[in-house]
Amino acid sequence: KLVFGVYAGLLRVAPPAEGEDATHRIRRDAIGRLQGLAEAHGDLRGAVLPVVRRALGDPHHLVRKAAVTALRALAGEEAALASMLEASAPDVGKQAVDELVAKAEAGETGARERVEAALDAPSPEVRKHALGRLPALYEQGSLDPFLRALESRHADVRFLVVDRLTGAQDPRVPEALGQAMESEHAALRLKAAQILARRGDARTLDVFAGLLRSEDHAAAAIEGLVGLSRKNREVADEVALALVARFEDDPDGTADRRQLLRALGACRSAAAKDLLVGLIEGEDEALRRPALEAAVEAARRADRQVDGRWEPTFDEPFLLEVLRVAAAQLDAGLRALAAQHLAPLDDGEADALLAALVDDRDEQVRVVACQALAARARRSGEGAAARAEAALVDVLRAGRRELTLVAAEALAE
């Protein structure tokens with residue numbers, strides 16, 4: 001027992017911080033002596049095995065190799081492989097994985113299950129290696145090894161797997177990704193949600209909404225919500241409301257308000273109307289124009305063909321309400337922008353608003369409003385065109401120098 005204690009102590013000799021490690025010879029010799037003691041004195045085997053297992057994490061590869069050899073001799077092949085998978089040194093665990101894969105390919109019962117168990121090994125490198133070798137034990141193209149890997153308790157394994165499932169059509173994939181969205185790791189939840197959002201899966205809404213306050217993932221969560229709204233129009237209003245909630249609940253000022261406004265526009269939902277109208281009327285000058293642009297984009301619907309060209313269509317009641325507010329603001333730039341966006345609308349109220357803006361006190365607003373009326377008059381064969389023509393005649397009669405040429409050209413056409 002005294003000799004055992006000496007050799008066990010020698011195995012703990014630390015290598016020098018710098019320079020060549022000559023102490024590894026001492027540790028290798030100690031492992032050999034401990035193996036001899038255990039083989040000669042059976043009652044020492046229980047004390048020797050933990051010491052040798054610890055040597056599997058030794059800094060020197062030759063010591064680790066000696067420990068593997070001793071374990072095979074003292075504990076048997078299967079126990080040695082199990083200990084190797086639990087070792088902190090990646091090369092030892094990878095060696096065990098490769099040996100188990102070879103056994104599985106040779107038809108040994110239970111070997112594949114042990115490779116799968118290596119997906120939960122302590123070392124990240126061993127887990128990654130096991131994931132890379134596992135598909136070789138299944139039919140080519142099978143998703144089973146990746147679905148099995150999604151059950152690993154380690155997020156890094158699950159994160160590596162979700163990319164492999166992006167385009168898979170197997171009906172088990174959505175359920176597996178749904179489980180990944182329940183992970184405690186935000187990056188994994190986000191990755192799984194991004195893949196499911198491309199399929200229009202409404203379950204991703206809560207995941208993205210929960211990440212809107214994350215310092216690392218907020219921008220990706222906003223993009224994910226926009227993508228979900230485009231793929232699944234049934235949840236577009238809910239997506240918009242989630243973005244509105246984040247915009248309004250920002251006591252610490254960490255929200256990227258401009259990005260949120262762009263996202264609200266991209267969702268193309270009227271659910272954010274109250275927020276956008278409030279911003280257009282609000283005191284924050286920096287947000288008025290972005291809010292109006294977001295409202296115009298949110299009101300946009302499918303394009304249509306007019307006179308051989310494609311033009312956008314809009315949710316006109318929603319957009320007219322917003323433009324009516326913008327046209328009444330003191331900000332001349334906002335009024336001009338409102339006039340510009342009134343041009344493609346069919347509703348007669350657009351002509352009335354433009355007719356009022358043609359008499360605006362600001363010259364820029366008058367010109368933009370007249371150009372919008374001219375664009376409407378050129379759309380022949382429509383009621384909007386006839387109303388615009390009448391307004392342009394009034395412009396000519398008024399005789400404002402900056403407007404007469406625009407009005408006359410449109411009427412001449």
Side-chain angles (χ1 to χ4, degrees), residues 49-50 52-72 75-168 170 172-192 195:
L49 283 175
V52 176
R53 289 193 189 99
R54 184 179 182 277
L56 292 174
D58 191 273
H60 201 281
H61 68 97
L62 291 178
V63 178
R64 298 195 294 271
K65 183 178 180 180
V68 169
T69 301
L71 269 179
R72 292 186 196 278
E77 183 73 14
E78 298 305 314
L81 288 172
S83 297
M84 291 165 68
L85 288 175
E86 295 295 319
S88 59
D91 60 334
V92 175
K94 290 179 180 179
Q95 178 185 341
V97 169
D98 291 338
E99 291 182 19
L100 287 169
V101 168
K103 291 175 178 290
E105 290 175 336
E108 184 172 316
T109 303
R112 188 176 77 180
E113 288 72 16
R114 298 183 70 183
V115 177
E116 292 176 347
L119 296 170
D120 289 323
S123 169
E125 294 181 45
V126 174
R127 298 195 293 267
K128 184 177 181 180
H129 186 66
L131 178 61
R133 296 300 310 272
L134 190 58
L137 305 182
Y138 290 83
E139 294 182 8
Q140 187 174 3
S142 173
L143 290 177
D144 289 338
F146 304 117
L147 294 173
R148 167 62 184 85
L150 272 179
E151 299 174 5
S152 171
R153 65 173 180 266
H154 295 282
D156 59 334
V157 176
R158 303 197 299 273
F159 193 85
L160 289 170
V161 170
V162 291
D163 278 332
R164 311 281 186 95
L165 302 177
T166 300
D170 191 299
R172 295 172 294 173
V173 169
E175 185 58 34
L177 291 173
Q179 294 177 6
M181 287 197 301
E182 298 174 2
S183 169
E184 68 278 9
H185 296 274
L188 178 58
R189 293 200 305 274
L190 175 64
K191 190 68 175 178
I195 296 173

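We use all heavy atoms of the structure for the numbers below, so side chains are in, but hydrogens, waters and symmetry mates are not.
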Checking Arg127 against Ser152: is there a side-chain donor and acceptor pair closer than 3.5 Å?
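No, no side-chain donor-acceptor pair sits under 3.5 Å.
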Would you name the heavy atoms of [X] and [Y] that are closest together and state the gap between them?
| X | Y | result |
| --- | --- | --- |
| Ala149 | Arg158 | O-CG, 4.0 Å |
| His154 | Leu119 | CD2-O, 3.9 Å |
| Met84 | Ala96 | CB-CB, 3.7 Å |
| Ala104 | Arg112 | CB-N, 3.8 Å |
| Leu100 | Ala111 | O-CB, 3.6 Å |
| Arg64 | Ala89 | CD-CB, 3.4 Å |

Answer yes or no: is there a side-chain heavy-atom contact under 4.5 Å between [X] and [Y]?
| X | Y | answer |
| --- | --- | --- |
| Glu105 | Val101 | yes |
| Pro50 | Arg53 | yes |
| Ile195 | Val173 | no |

First locate atom [atom1] of [X], then atom [atom2] of [Y], and finally report the distance between them rounded to the nearest 0.5 Å.
| X | Y | atom1 | atom2 | result |
| --- | --- | --- | --- | --- |
| Glu175 | Leu150 | CD | CG | 11.0 Å |
| Arg148 | Leu143 | CZ | CG | 15.5 Å |
| Leu188 | Met181 | CG | CE | 10.5 Å |
| Leu56 | Arg54 | CG | CZ | 11.0 Å |

Mind listing the side-chain donor-acceptor pairs of residues 130-139 below 3.5 Å, one per line with the distance, residues two or more places apart or on another chain?
from, atom 1, to, atom 2, distance (Å)
Arg133, NH1, Asp98, OD1, 2.6
Tyr138, OH, Glu116, OE2, 2.2

Asp120 vs Val157, test: side chain to side chain contact (heavy atoms under 4.5 Å, CB included). Steps then yes/no.
CA-CA 9 Å; Asp120 289 323; Val157 176; over 6 Å; no
Evaluate the criterion side chain to side chain contact (heavy atoms under 4.5 Å, CB included) for residue pair Lys128 and Leu160; output intermediate values, then yes/no.
CA-CA 8 Å; Lys128 184 177 181 180; Leu160 289 170; 4.0 Å; yes
I'd like to check the side-chain contact (heavy atoms from CB on, under 4.5 Å) partners of Ser123; sequence neighbours left out, ordered by chain and number.
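Only Pro90, Glu125, Val126 meet the side-chain contact (heavy atoms from CB on, under 4.5 Å) criterion with Ser123.
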Tell me whether His60 contacts the main-chain N or O of Leu62 through its side chain, where contact means a donor paired with an acceptor under 3.5 Å.
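The answer is yes, because a donor-acceptor pair under 3.5 Å joins these two groups.
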Hey, is Lys65 close enough to Asp91 for a salt bridge, meaning N to O under 4.0 Å?
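Judged by the 4.0 Å cut-off on N to carboxylate O distance, Lys65 and Asp91 do not form a salt bridge.
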